[in-house]
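Since the model is a prediction, treat every value here as computed from it, not as a measurement.
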Amino acid sequence: MNTDPILLQEIVRLYEAEPDLLTLPSLLFEGVVRLTDSDVVGWTEVHHRSGELRALLSVEDDPARRATAFQAYARHAGSHPFWQKDPAFYGERAVRESDVFTDEEFMALPMAREVFLPSNAHRIMGVLMLHGEYSLDLSAHRVVGRPAYSDAERDRLQVYRGHVLRAYRQAQQRTVDKLPAADRLRYAFPELTQRQVEVAVWIAQGNSNEAIASAMSVSLDTVKAHLKAIFSKIGTDSRLALAKLVHTVPPFSQMPPLWRLPLETWKTHTGPGTGETLAAAR
């Protein structure tokens, strides 16, 4: 049983906060700083099917410099599994740059010279987590001149990793649970038109075709045409099955990145300890 009081305290904080996907990153930033005595913490979610990502830093940064760093990172990521975030290389362990490169080797790397050193970053330690169609990367950074991460700090982050993945799964469920029925259906079946989504929601609420036609100010034939198209796209011809789909949370792994959903609470945000949201194609 792990009796590290600092680690146990951060694990308790993580679960007690009951975060959603919006509040989770800043909570992780605070926890990793306390666990590893880091200067900067990074959190990245990559949705493999769409190629989209969300990258957050625990400190404010110049957007132009970040864009340049992203481009440089993409150019050099193939040079080593450490940069590629290769699941086979990381496994369930925390990996330090000092586990892979000597100080002299690191300072000479194009990745270091173009991505990290311009921001005065040197020491790096990270963990990788896989969830459905997502890769989740949590990394800790120290500035030039600070010592390499110790074995104790590595072990803390390594144990913390499993709890972060569990907290992430709980956070995504809390986030998706907040979605209105129309958004759930829209993102489970993106091929549906807006009018078809509206008809589907009316059906799920137990309304007849006649009632829907009246409410939407369209003809009965129009409603029937929408319903036929809906059944074709979702693979069922049952009103009951349609109602069940509307009220069921779709698998998260089949959805696009959640920060793209049209929710009022899901916005690009900046502020002390939260950094700046950047969504881009990888």
Side-chain angles (χ1 to χ4, degrees), residues 25 28-29 31-48 51-130 134-161 164-165 274-282:
L28 296 179
F29 294 158
V32 171
V33 166
R34 286 188 286 258
L35 288 171
T36 64
D37 188 25
S38 299
D39 298 305
V40 179
V41 180
W43 172 250
T44 305
E45 303 170 7
V46 181
H47 185 249
H48 297 294
E52 292 187 86
L53 64 86
R54 178 178 74 153
L56 295 161
L57 290 178
S58 61
V59 297
E60 297 290 352
D61 194 13
D62 174 46
R65 183 167 60 183
R66 289 193 69 190
T68 299
F70 263 107
Q71 294 168 0
Y73 195 101
R75 287 197 301 272
H76 303 303
S79 63
H80 197 280
F82 183 65
W83 312 119
Q84 285 180 303
K85 305 300 180 182
D86 183 351
F89 177 76
Y90 275 80
E92 297 183 0
R93 63 180 181 147
V95 184
R96 301 166 290 194
E97 106 290 335
S98 59
D99 296 325
V100 182
F101 310 106
T102 66
D103 280 355
E104 292 76 15
E105 289 171 338
F106 179 84
M107 292 298 184
L109 292 172
M111 180 70 84
R113 294 199 309 268
E114 297 179 31
V115 178
F116 296 105
L117 294 178
S119 297
N120 201 36
H122 178 190
R123 302 301 181 183
I124 307 167
M125 178 167 61
V127 289
L128 187 69
M129 296 155 280
L130 300 180
Y134 283 73
S135 288
L136 314 170
D137 175 48
L138 182 62
S139 59
H141 304 261
R142 285 177 178 169
V143 298
V144 173
R146 296 203 59 198
Y149 288 102
S150 68
D151 289 349
E153 290 162 340
R154 176 204 59 200
D155 293 346
R156 284 175 182 166
L157 188 61
Q158 197 160 282
V159 173
Y160 194 57
R161 172 193 177 278
V164 170
L165 182 55
T274 61
E276 185 173 74
T277 301
L278 175 64
R282 180 172 243 181

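Nearest heavy atom pair, residue F29 against residue G42, reads CE2-C, 4.1 Å. Here the closest non-hydrogen pair linking L130 and P87 is CD1-CB, 3.8 Å. A pairwise comparison of heavy atoms in V32 and A140 identifies CG1-CB, 3.8 Å as the closest pair. Closest approach of A148 and S98 over heavy atoms only: CB-OG, 3.9 Å.
Looking at heavy atoms from C-beta onward, L136 lies out of side-chain contact with L128 at the 4.5 angstrom threshold. Annotation: side chain of V41 is not in contact with side chain of S139 (no heavy-atom distance under 4.5 Å). Inter-residue side-chain proximity for L57 and R66 is flagged as met; some heavy-atom pair is nearer than 4.5 Å. With contacts defined as side-chain heavy-atom distances shorter than 4.5 Å, the pair H76/P110 qualifies. Looking at heavy atoms from C-beta onward, Q158 lies out of side-chain contact with V127 at the 4.5 angstrom threshold. Considering only heavy atoms from C-beta on, W43 comes within 4.5 Å of V164 through its side chain. The shortest side-chain heavy-atom distance between F89 and Q84 does not fall under the 4.5 Å cut-off. Side-chain contact check for Y149 versus R154: every heavy-atom pair is 4.5 Å or farther apart.
In terms of the salt bridge (Lys or Arg N to Asp or Glu O under 4.0 Å) criterion, R161 has no residue partners (sequence neighbours excluded). Under the salt bridge (Lys or Arg N to Asp or Glu O under 4.0 Å) criterion, R156 pairs with D4, not counting sequence neighbours. For H122, the ring-ring contact (aromatic ring centres under 6.0 Å, His included) test picks out F106, with sequence neighbours left out. Applying the salt bridge (Lys or Arg N to Asp or Glu O under 4.0 Å) test to D86 and every residue at least two apart in sequence or in another chain returns nothing. By the salt bridge (Lys or Arg N to Asp or Glu O under 4.0 Å) test, R93 pairs with no residue at all, sequence neighbours left out.
Interatomic distance, H141 NE2 to T36 OG1, rounded to the nearest 0.5 Å: 10.0 Å. Within the model, atoms CE of M129 and CG of L138 stand 5.5 Å from one another, a figure rounded to the nearest 0.5 Å.
A donor-acceptor pair under 3.5 Å links the side-chain atoms of D39 to the main chain of V143, judged by distance alone. A donor-acceptor pair under 3.5 Å is absent between the side-chain atoms of Y160 and the main chain of L35, judged by distance alone. Judged purely by atom type and a 3.5 angstrom limit, S150 uses its side chain to pair as donor or acceptor with the backbone of E153. For the pair E114 (side chain) and A72 (backbone), a donor-acceptor distance under 3.5 Å is absent. The closest donor-acceptor contact from the side chain of R142 to the backbone of D37 lies under 3.5 Å.
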Q.
The test is side-chain contact (heavy atoms from CB on, under 4.5 Å); show your working for I124 and R96 and say whether it passes.
A. CA-CA 6 Å; I124 307 167; R96 301 166 290 194; over 6 Å; no
Q | Stepwise side-chain contact (heavy atoms from CB on, under 4.5 Å) test for L56 and T44 | A | CA-CA 6 Å; L56 295 161; T44 305; over 6 Å; no
Q: Would you sort out whether F101 and L109 count as a side-chain contact (heavy atoms from CB on, under 4.5 Å), showing the intermediate values?
A: CA-CA 10 Å; F101 310 106; L109 292 172; 3.9 Å; yes
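Within a 6.0 Å radius of CD in E105, other residues, nucleotides and ligands contribute more than 12 heavy atoms.
The distance between the ring centers of W83 and Y90 does not fall below 6.0 angstrom.
At a cut-off of 3.5 Å, with distance as the only test, no side-chain donor of Q71 or T68 sits close to an acceptor on the other residue.
The stretch residues 115-125 participates, sequence neighbours left out, in these salt bridge (charged side-chain N to carboxylate O under 4.0 Å, His left out) pairs: E97-R123, D103-R123.
For K85 and F82, the positive end sits near the middle of the six-membered ring, less than 6.0 Å away and at most 45° from its axis.
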